[in-house]
Protein chains: 2
Amino acid sequence: MAVNIKDVAMRAGVSPSTVSRVIANNPRISAETRERVRAIMKELNYHPNAIARSLVRQSSQAIGLLIPNTIEQFFLNPFFPEVLRGITQVAQHAGYDLFLSTALHGLNDIERLEQMVRSKRVDGVILLTSRVEDPLLTVLQENHIPAVLIGRPASSATISWVNNDNKKAAYDATTHLLKLGHKRIGFIGGSTELVVTMDRLSGYATALQDAGGAFDPRLVTSEEFLEEGGYIGMMRLLATPERPSAIIASDDVLAFGAMRAAGELGHRIPDDLAIVGFNDIPLAKLANPPMTTMNVHIYELGQESAKMLIEQIEWPATDPREHLVPHTLVVRRSCGAWNPLVL
Amino acid sequence: MAVNIKDVAMRAGVSPSTVSRVIANNPRISAETRERVRAIMKELNYHPNAIARSLVRQSSQAIGLLIPNTIEQFFLNPFFPEVLRGITQVAQHAGYDLFLSTALHGLNDIERLEQMVRSKRVDGVILLTSRVEDPLLTVLQENHIPAVLIGRPASSATISWVNNDNKKAAYDATTHLLKLGHKRIGFIGGSTELVVTMDRLSGYATALQDAGGAFDPRLVTSEEFLEEGGYIGMMRLLATPERPSAIIASDDVLAFGAMRAAGELGHRIPDDLAIVGFNDIPLAKLANPPMTTMNVHIYELGQESAKMLIEQIEWPATDPREHLVPHTLVVRRSCGAWNPLVL
DNA sequence: GAATGGTAAACAAACGTTTGCGCATCAAAA
DNA sequence: TTTTGATGCGCAAACGTTTGTTTACCATTC
């Protein structure tokens, strides 16, 4: 039914090989033939079959996105579209298509991985799943699957990854609050199974320690990565005997929940309670008050991961690389630093 | 390098056809052979090549998502992840993979469409692009490409679509405000090129008319589909001589911008100004005050579109269908209806 | 004992490309 | 005139499956 390369060849009075070479802009085709074939292609409205091409080329010119099992949570977080935007930008530019793999009906990460790459549908994968179990990494290595992790591998596995310096970022955020005079600073984190949570918690603790402050476990809570989690976490922290005067939330969505909880209990932000979030999602600046938050440049994270993956696909020999995307604290109103210039 | 069906066949002492039939659970294979082949597949860690399969089957078991050219705006709007979530859910369940097509380097919709489906990478497409130009629809029809539009076609083209009854929804939202006693109600819409904007505007106007109110063009503004657009729109409306006492924003993101503008000018919501948004994005209930908004059930929109597309792919004969997803007004604080029960 | 029927598996063609190799053709050099 | 070297193009194999048809085998039946 659909017109194929043979139809074009026949109509143009040449062989399929010639048509193929015209498509590939092979220089060994005369200008005259090239033009004639091109005209026929247009006339017949011919479009090369990408599937057949992939089969013979042994490459699909597509990259896969492995989305965490906690789909709902992940999609709900503005992190997702933003990182996707970055990946998209680079992939498009390099001529790669994007394949999405989500997990719903009980497929685990490994099965999904095999579905995508072992079946040759994609040339490599970007892992958005921050809680990386080792078996997955083993499968990747054993099968020489080009892959890039967004986040940091829990173990010292040899895989390319792109991440923020989360410890440093949390350290900086905490220091910011310390400089504003806060003594008791609380921490609301996501699931402790996530490397990112542990890193940020660690940076927070180190900052307190360096400032001579005490790390009080009652001021630390870890919740689901949802607005509701932030809400609950804040409620918990505010119930402690000596309540904190400032909060670090390891995600803006958590921070939003925290702000809601604080508001409901009648605490004013930043007067009674300073809050610093993480990620600088678009709505952070629209919060009331506008939220101070650590911008981790998610878009760049996405871009860089795609770049690294494509590099890996096209030069399979290259060693795993790491890349740290810098962070910048965006000072708004929620931390109580009315004049950012003095900091 | 990678193990293929022939390797399995050889090792099991059978032909490739037999292996293929084992994979397909063909009943003509004896139980004994089936088990033996299965064992070998596991032993060799064999995974069928989806590309080769697609080639011979003439179907890729994948559906494509055509994302509007206004990528940045689209990704920024929480509508996107939510509709994607719905699509994903159904697609996964039916065994279809998801392919993303975004437009960056100047490819227009048609080119992208051809890239995806004419090249057989996907079996059908979901069009997320609400401003559907006719040429695109023509291409779809001429090539018998299974497709579903999310939104309503501008012309009376014969294409399957799933949508909200946007006129009715806007009518209902406006009526809600009228019942609360508002006389001058403003409307902040997205680009007038979008069908959805025009539909909602139309419903708004009809509601005013039915209530005996006058439609005042000075109370209507159309802006970019961004928070910033809502901000500017609100500024514009508040600058009119007789300023409105209530606002309908055709998108929650616009409503957020509107609320910010109102806040900056010192107007209190809902006391000085009532606001009703559209979409009920997750953050709507976290706004300050929590936002009254028309829930259009985006997730369902996504689910239904995927269902319709897959149905179309698997039963090519079926006629184009339409589906309206119901809307429900979620009354919170921003509209000033303190006791939703009385309505 | 030959014909029939049923079951299990093999054969081979197809799907639409790409690409190494070989074969003409022709002009220039020997 | 023969050799050489480009140049332009065709041949055919390969990529890894699926599937309609055929074959081989064995047990019934006449």
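Proteins get letters first, then strands, A, B, ... in listed order; numbering begins at 1 in each. Just so it is clear, the structure is predicted and the values come from calculations on it, not from any experiment.
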(message) Under 3.5 Å, is there a donor on one side chain and an acceptor on the other for E311(A) and T318(A)?
(response) no
(request) Give me the one residue out of I63(A), L113(A), L309(A), L149(A) that meets side chain to side chain contact (heavy atoms under 4.5 Å, CB included) with V125(A). (result) L113(A)
(request) Begin from the C-alpha positions of V325(A) and V296(A) and carry the test side chain to side chain contact (heavy atoms under 4.5 Å, CB included) through to its verdict. (result) CA-CA 7 Å; V325(A) 171; V296(A) 294; over 6 Å; no
(request) Determine: side-chain N/O of Q58(B) to OP1/OP2 of dG16(C), distance under 4.0 Å, yes or no. (result) yes
(request) Go through dT18(D), dA14(D), dT19(C) for me and flag the one nearest to the S20(A) side chain. (result) dT19(C)
(request) Name the residue closer to the 5' end of DNA chain D, choosing between R28(B) and L55(B) according to the nucleotide with the nearest heavy atom. (result) L55(B)
(request) Would you state whether a donor and an acceptor, one from the side chain of S30(A) and one from the base of dC9(D), lie under 3.5 Å apart? (result) no
(request) Indicate, yes or no, whether a donor-acceptor pair under 3.5 Å links the base of dC9(D) to the side chain of T33(A). (result) no
(request) Would you indicate what I29(B) reaches in the nucleic acid, counting non-hydrogen atoms under 4.0 angstrom: base, sugar-phosphate, or nothing? (result) sugar-phosphate
(request) Identify, between G13(B) and R21(A), the residue whose nearest nucleotide on DNA chain C lies closer to the 5' end. (result) G13(B)
(message) Can you tell me if T18(A) touches the phosphate of dG10(D), counting only side-chain N or O atoms and a distance under 4.0 Å to OP1 or OP2?
(response) yes
(message) Let me spell it out: for each of A31(B) and I51(A), pick the nucleotide of DNA chain C with the closest heavy atom. Which residue's pick is nearer the 5' end?
(response) A31(B)
(message) Heavy atoms only, 4.0 Å cut-off, all strands: where does K120(B) land among base, sugar-phosphate and nothing?
(response) nothing
(request) Return no unless some side-chain N or O of N4(B) is found under 4.0 Å from OP1 or OP2 of dG16(D). (result) yes
